[in-house]
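Naming: A, B, ... by sequence-line order, numbering from 1 per chain.
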Amino acid sequence: MHGVSRLSPRAWYGRCRQLLAGHPHYALLLVVTLPALLAMPGSTWVTLTVAGLGMGTMLFVMASGMTLTFGLMSVLNLGHGALITVGAFIGATLVTGLATGHWPLPALSSLVTATGGPWLWRIGALSLGLLAAAVLHAGVFRLAGERAQGERAAAAAGSSAAGLAALATQALVAGTWASAGTALAVGVAAGLAVAAAMRGRQAGSGLAWPVPGLVAPPLAIALLAWLRPAHAFTADFGLMVPAFLAAIVLVAAVGYVFERLIIRPVYGNHLKQIMVTVGAAIIIGEIVQAIWGPGQVPMSRPDTLQGGISLGTVSIESYRLFAGLMGLLVYWGLQRLIRGTRLGLLIRAGVEDREMVQALGYRIEALFIAVFVGGAALAGLGGVMWGLYQSFVTVSLGPEMLVLIIIVIIIGGLGSITGCFYAALVVGLLNNYTIYLFPKVALFSSIGLMVLVLLWRPQGLIPTMR
Amino acid sequence: MAAREVLKNSAFQQPPGDALLQLQGVHTNIGPYRILHGVDLAVPRGRVTALLGRNGAGKTTTLRTVMGLWRARAGRVLFDGRDISRAATAAIARAGIAYVPENMGIFKLLTVGENLRVAAREGAFDPARLAWLRELFPALGRFWDKPAGTLSGGQQQMLAIARALIEPRRLILIDEPTKGLAPAIVEQVMEVVLELRKREVSMLLVEQNFEFASTVADEVAVIDNGRIVFVERMETLRDDPSLQDQLLGLGVAARGGPEPPA
């Protein structure tokens with residue numbers, strides 16, 4: 001093994017092999033991106049790579065729920081695409097509706113003034129939010145048989161919900177949806193920042209958990225005041241936030257009903273799962289058509305995210321950049337959840353051996369519902385993101401994406417969040433490269449990639465099953 | 001059958017002390033197969049009970065039925081007087097029964113520390129307990145941050161047992177802890193079980209290795225064809241080779257040698 005330090009070609013080869021065997025996801029990323037660099041001009045490559053990464057992270061947001069659902073309970077949910085469709089339509093309605101009319105807002109504002117005034121509502125919203133935080137905190141873990149007293153992440157998320165509720169009211173009182181949206185976004189960020197700062201102080205008692213929720217609103221209000229000069233930006237950009245939030249919350253609710261009604265009766269039987277979830281997807285598609293009609297529903301991006309940024313000869317579509325950043329944020333958050341929290345520990349254990357998790361005293365069904373609802377929420381978010389990217393939504397959006405999603409989760413290794421992320425990036429990149437280089441085989445490229453990866457690693461990039 | 005004759009003489013003698021776990025006429029099917037045909041078994045408090053029997057006699061099925069992983073079709077499972085035969089597995093575990101399955105049920109992609117953390121339902125470890133376990137299983141500390149899948153078979157078995165002990169439990173079910181382990185490792189497992197016996201941990205131990213079982217157990221029950229055919233103090237069986245032959249079949253197999261052809 002002395003050759004390694006001398007860097008002879010042989011040693012290099014060995015070193016590379018070792019690295020690639022240990023990190024198949026990096027290897028695949030390199031194998032796809034580097035040859036593309038040789039096949040096209042550098043500026044085109046940068047443009048396509050950013051575009052591919054943007055597409056990839058959107059795919060990841062849509063696929064992550066499905067891979068966890070399969071990993072944890074071995075449930076094949078082919079209705080996942082329908083959840084994406086529902087999210088996209090909810091988002092389209094809100095984005096278009098809010099941009100054109102600010103519709104329910106004046107009515108709500110007058111309701112607030114008519115019923116006790118803004119301060120009563122603020123206090124009410126704050127206490128409701130705190131209650132929600134407490135329920136979230138206690139509920140999720142108690143359901144799973146967890147008697148632990150503090151889970152920092154859930155507590156922080158829950159208590160920033162308190163801040164959010166107060167902020168939403170604040171914005172409602174103040175005037176426009178756009179400022180409400182920005183307020184919510186800033187509130188979340190502030191809540192998470194405070195929560196992150198508090199992570200080190202685990203020793204603090206259970207009393208510490210509402211602190212982020214209490215600190216977040218004033219912080220967010222201060223930030224808002226500071227942001228005011230950029231009002232045009234917030235008015236425009238902030239429109240997306242209610243759309244994202246509504247899609248997340250409503251699709252999570254749809255996901256809960258879906259799990260109880262459709263998935264629950266067919267646990268443990270793949271054939272029935274396929275039939276029943278495909279059937280459910282068709283029904284949901286019909287319901288969507290009944291509500292929104294059979295045609296395209298337009299969904300225009302906020303002006304801020306129209307067009308692109310050019311740096312010399314390289315031009316980058318700004319929405320793809322935004323989508324990429326959002327996707328990265330989701331990936332980071334999911335990794336924090338999976339690697340850094342107790343809920344994540346139980347999910348990882350459950351993916352490996354759900355029987356043993358039960359035998360250790362946890363109700364795996366409760367864990368599964370939580371994961372399914374979370375996955376549905378991400379499907380909804382992904383639907384809005386994809387709809388904004390396309391600038392329109394149709395009923396076939398979900399089913400079309402489902403094909404790519406299935407390819408992504410198979411390449412990534414069923415049940416692995418890391419694998420899913422890198423597989424989504426690779427599929428997104430390859431798609432963009434091949435559309436430019438060989439438009440005729442673009443459709444085939446993802447399936448071809450899947451075949452090759454499975455020949456190389458039959459269990460996917462990062463296997464999670466035994 | 002020889003076992004049937006023994007049944008007439010000694011079956012269903014309750015062991016001394018009150019029973020922590022009691023199976024009454026438990027029938028369990030796996031799919032179309034009837035595995036348990038009315039198992040009656042009492043596991044006394046504070047003692048180690050060995051459940052012996054040949055392959056396919058229903059030992060593992062008995063443990064899985066207690067844990068609720070397979071459902072009893074008929075009969076009752078009483079844990080401390082409470083019927084748990086309809087309870088969910090998670091509830092049974094929370095009532096205080098730990099289970100170490102035959103395949104050990106280690107989460108191979110999780111680290112050793114994480115494996116223990118999953119089992120510690122309070123979230124945090126009890127420092128005294130952790131210190132005791134680390135003393136009992138020195139390898140745990142050494143490989144704390146290593147994926148459990150990289151441990152040797154013996155170390156995985158130690159981890160599986162440690163995981164069952166990380167929280168105070170009232171009863172521990174262990175399925176064949178010596179299966180596939182080298183003799184030196186079997187010795188170590190034996191020391192651990194003896195240590196637990198000294199601490200009066202209640203345990204139901206399924207074994208094929210009679211040498212091991214006869215050293216660590218206070219009580220013995222033999223299962224054959226889905227029924228308990230023999231219940232006694234372990235000394236009685238240990239001191240009577242002809243009874244061993246009669247109950248456990250062929251001498252070599254019963255003493256931990258290679259298994260006879262089916």
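Between the side chain of A:Arg342 and the backbone N or O of B:Arg117 there is at least one donor-acceptor pair closer than 3.5 Å. Judged by distance alone, with hydrogens and angles left aside, the side-chain atoms of B:Glu114 form no donor-acceptor pair with the main-chain N or O of A:Leu345 at under 3.5 Å.
Residues of residues 125-136 of chain B lying under 4.5 angstrom from chain A, judged on non-hydrogen atoms, do not exist here. Heavy-atom proximity under 4.5 angstrom to chain A picks out B:Arg64, B:Met67, B:Leu69 from residues 63-74 of chain B. At a heavy-atom separation below 4.5 angstrom, chain A is approached by B:Thr89, B:Ala90, B:Ala93 within residues 82-93 of chain B.
Put simply, the side chain of B:Leu109 does not reach to within 4.5 Å of the side chain of A:Arg348, judged on heavy atoms.
For A:Phe60, the ring pair (Phe, Tyr, Trp, His ring centres under 6.0 Å) criterion is met by A:Tyr331, A:Phe421, not counting sequence neighbours.
To the nearest 0.5 Å, atoms OH (B:Tyr99) and CD (A:Gln358) are separated by 12.0 Å. A:Met356 CE to B:Asn115 CG: the interatomic distance, rounded to the nearest 0.5 Å, is 9.0 Å.
With a 6.0 Å radius and a threshold of 12 heavy atoms from other residues, nucleotides or ligands, B:Arg34 has its CZ atom at or below the threshold.
When all heavy atoms of A:Ala349 and B:Val118 are compared, the closest pair comes out as CB-CG2, 4.1 Å. Closest approach of B:Arg169 and A:Leu360 over heavy atoms only: NH2-CD2, 4.0 Å.
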